[in-house]
Novice: 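Below is the structure I would like to discuss, written out as structure tokens.
So you know, we letter chains A, B, ... as the sequences are listed, proteins then strands, and number each from 1. Atoms considered below: every heavy atom in the structure, side chains included; atoms not considered: hydrogens, waters and symmetry mates.
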Protein chains: 2
Amino acid sequence: MGTGRPPTIKTVAARAGVGRTTVSRVLNGSPLVSEKAKAAVEAAIAELNFVPSSVARGLVTRRTNSIALVIPESESRLGAEPYFSAVIRGVSTGLAATQTQLQIVLVRDKSELDHLTEAVAARRVDGVLLVSVHRDDPLPDLLEGFGLPTVLAGRRSAAEPLSHAHSDNLGGAKAAVRHLLDRGRERIATITGPLDMEVGRARLQGWREALTEAGRPPDGELVAVADFTEEGGRRAMVELLAQAPDLDAVFVASDVMAAGVLLELRASGKRVPEDIAVVGFDDSMIARHTNPPLTSVRQPVEQIGSTIAQMLLEEIATPGTPRRCVLLPTELVVRESS
Amino acid sequence: MGTGRPPTIKTVAARAGVGRTTVSRVLNGSPLVSEKAKAAVEAAIAELNFVPSSVARGLVTRRTNSIALVIPESESRLGAEPYFSAVIRGVSTGLAATQTQLQIVLVRDKSELDHLTEAVAARRVDGVLLVSVHRDDPLPDLLEGFGLPTVLAGRRSAAEPLSHAHSDNLGGAKAAVRHLLDRGRERIATITGPLDMEVGRARLQGWREALTEAGRPPDGELVAVADFTEEGGRRAMVELLAQAPDLDAVFVASDVMAAGVLLELRASGKRVPEDIAVVGFDDSMIARHTNPPLTSVRQPVEQIGSTIAQMLLEEIATPGTPRRCVLLPTELVVRESS
DNA sequence: CACGTCGGTGGGATCGATCCCACCACGACT
DNA sequence: AGTCGTGGTGGGATCGATCCCACCGACGTG
């Protein structure tokens, strides 16, 4: 009852009474084939349930029709951080119209990094999408060295040489801090992401600029650096409370960290927003469910995903496309925490 | 400044002064090659930075070294539902020791389904993992028809013919309801997932059995069917409150739905847990951040992921492996909502 | 000394597609 | 009538690996 080998282009040719090349022409929509031959081939394809082997095709066309989405997190944040799921969803929609497959590569340690570089060297993918890039991440340059089309979600610095799409972190952070100022807050602290990531620096810079523009020179002791994790956010809040017990607002660079902040504030008897106002970033699902619901800066993560997917597809289709950079807007969503 | 074509096995052979076959032998660790030849080949490989083309290899070995994880959700729940991220993470760890690549396929509509079947027919993957299967999902049978190794997370019914791993939904639900009984709750309702999914039915059945075993015949009007979404959970709660205003506990078949339930209860002025106790299922991240924190049944989602990945790898490595079924334990995590 | 045996080796065929090129029939043009 | 172009066609080479098999030299043996 073995199904036998799947039919090949040769089987189809025999069945249709034509040569292999003609079948290939039909498959690739060449105009140089008679109506009669075309009909015969199409009938044979349908009868045999033939689908051309993508591997064999890839060998000669040098295309795999698949791209990799690389998620590099030593402490895997996929799952803890809704951001990544949203990117995946966005990339998937950006790819939907094409035949391109999406490979997810989680890079958590050295061995997974080796697997990735080997996969790339073995030409298993036509291009790579990178998210959550750190300043001296070796990966982007490595990929460029391979001559593989690469597009980033986010960027390493303002001078990012690779194509990328990112959201207006600076503007979003400024809007958040201005909102806190409007509510009459006096001592506004911030909890940042890692400063070796441009998101981290940009959101911090937004906090600084908003305060400066309001005529209030930012105060160094009101800054705590954390790592985008819930526990990191909690610890940063402990630190801030010790350094500046009189603070009455905190702009937190991610919702997940803000969730940790809220837990810590409740534990230490502070009321939100009466004693301390809190604003997060991302407007992820948890923002609606924290206690109290969290004011947050929404960024169009899914749209970033679909954008970078399309940019990468274009770069693959027409190599040598000039580098492009897309900036997407953010928006403040006010809830009860501020 | 074109990098030129990447080196092939032929280039390496020339460089090492041996034949192509010898290089191939070294690559595949054949013992029938002299120390001297082996050293020469390895040196040449290192110098040229050669990595064998996985596409060319795949053509003859009939292996792509990649598997697909299919996430079929018309209303894409990836992102809203942390379950999927956890599965992805688990699958990735299950694959980590191998060279196998992971493709994510989101199936949201007919066209994406067609893409999937075409990818499968074109032999782009060695096997498929399916999550969130519905009772009359055509996909599992379709894949089996292709003769492609397939493993499920969860199952369609107790008589699932395909290999799968799933968690003890029945036991978990019973534990949840028993916990509510222990706390002295009298009228315990339940909000179920879709009943065309075995998870939905099993958790409902657990609720029934626990009540029956406690000598309290379950009451039909205490059941509301929902769809695993937050909004669905909220609506189901509205329904329950209308049907049975005197209920004092509700077992909700997922945390995301429970989050919606909590919002609705607060909106209608009910106190949790004083007036109504709530227990969720999944013990996902949101459970710790709802107001109040949610008692929930933990299921080892990540472990399910790594398990099905390994099962699939074995099935690919040795075709004809007998179908296997792995049951993983659940555990009740008590918080303030009950 | 001839004859197998056996570790080591490389050439040719193969996998299933695309692409180059030669070829064929037909109508048009000189 | 002979040449030319041109739509349509198929055979052979190619992509880069693996695998089958023939081959070769150096042993050991009767």
Novice: Want to settle it: does Ser34(B) or Ala56(B) sit nearer the 5' end of DNA chain C, counting the closest nucleotide to each?
Specialist: Ser34(B)
Novice: Rounded to whole angstroms, how far apart are CZ on Arg63(B) and C1' on dC15(C)?
Specialist: 15 Å
Novice: In whole Å, I'd like the distance from the CG atom of Leu27(B) to the C1' atom of dG10(C).
Specialist: 16 Å
Novice: Which listed nucleotide (dC15(D), dA17(D), dT18(D)) is nearest to the side chain of Val60(A)?
Specialist: dC15(D)
Novice: Could you tell me whether the phosphate oxygens of dG16(C), OP1 or OP2, come under 4.0 Å of any side-chain nitrogen or oxygen in Arg123(B)?
Specialist: no
Novice: What's Val18(A) touching, base or sugar-phosphate or nothing? Going by heavy atoms closer than 4.0 Å.
Specialist: sugar-phosphate
Novice: Measure NZ/Lys10(A) against C1'/dG16(C) and give the value in whole Å, please.
Specialist: 9 Å
Novice: Quick one: does Arg25(A) reach the base of dG10(D) with a side-chain donor-acceptor pair under 3.5 Å?
Specialist: yes
Novice: Run Thr100(A) and Asn65(A) through side-chain hydrogen bond (donor to acceptor under 3.5 Å, both in side chains) and show every step you take.
Specialist: CA-CA 5 Å; Thr100(A) 312; Asn65(A) 287 316; 5.0 Å; no
Novice: Under 4.0 Å between any heavy atoms, over every strand shown, what does Arg62(A) touch: base, sugar-phosphate, or nothing? Just pick one.
Specialist: sugar-phosphate
Novice: In this structure, how many angstroms lie between the C1' atom of dG8(D) and the CD atom of Glu35(A), rounded?
Specialist: 12 Å
Novice: Quick check on side chain to side chain donor-acceptor pair (under 3.5 Å): which of His164(B), Glu315(B), Glu314(B) does Arg324(B) satisfy it with?
Specialist: Glu314(B)
Novice: Name the nucleic acid region contacted by Ala13(B), choosing base, sugar-phosphate or nothing; use a 4.0 angstrom heavy-atom cut-off, strictly under.
Specialist: nothing
Novice: Tell me: CG of Leu48(A) to C1' of dA17(C), nearest whole Å?
Specialist: 16 Å
Novice: Given side-chain hydrogen bond (donor to acceptor under 3.5 Å, both in side chains), test Asp109(B) with Ser111(B) step by step and report yes or no.
Specialist: CA-CA 6 Å; Asp109(B) 57 28; Ser111(B) 89; 3.2 Å; yes
Novice: Any N or O donor-acceptor pair linking the side chain of Thr21(A) to the base of dG11(D) at under 3.5 Å?
Specialist: yes
Novice: Would one find a side-chain N or O of Thr61(A) under 4.0 angstrom from OP1 or OP2 of dT18(C)?
Specialist: no
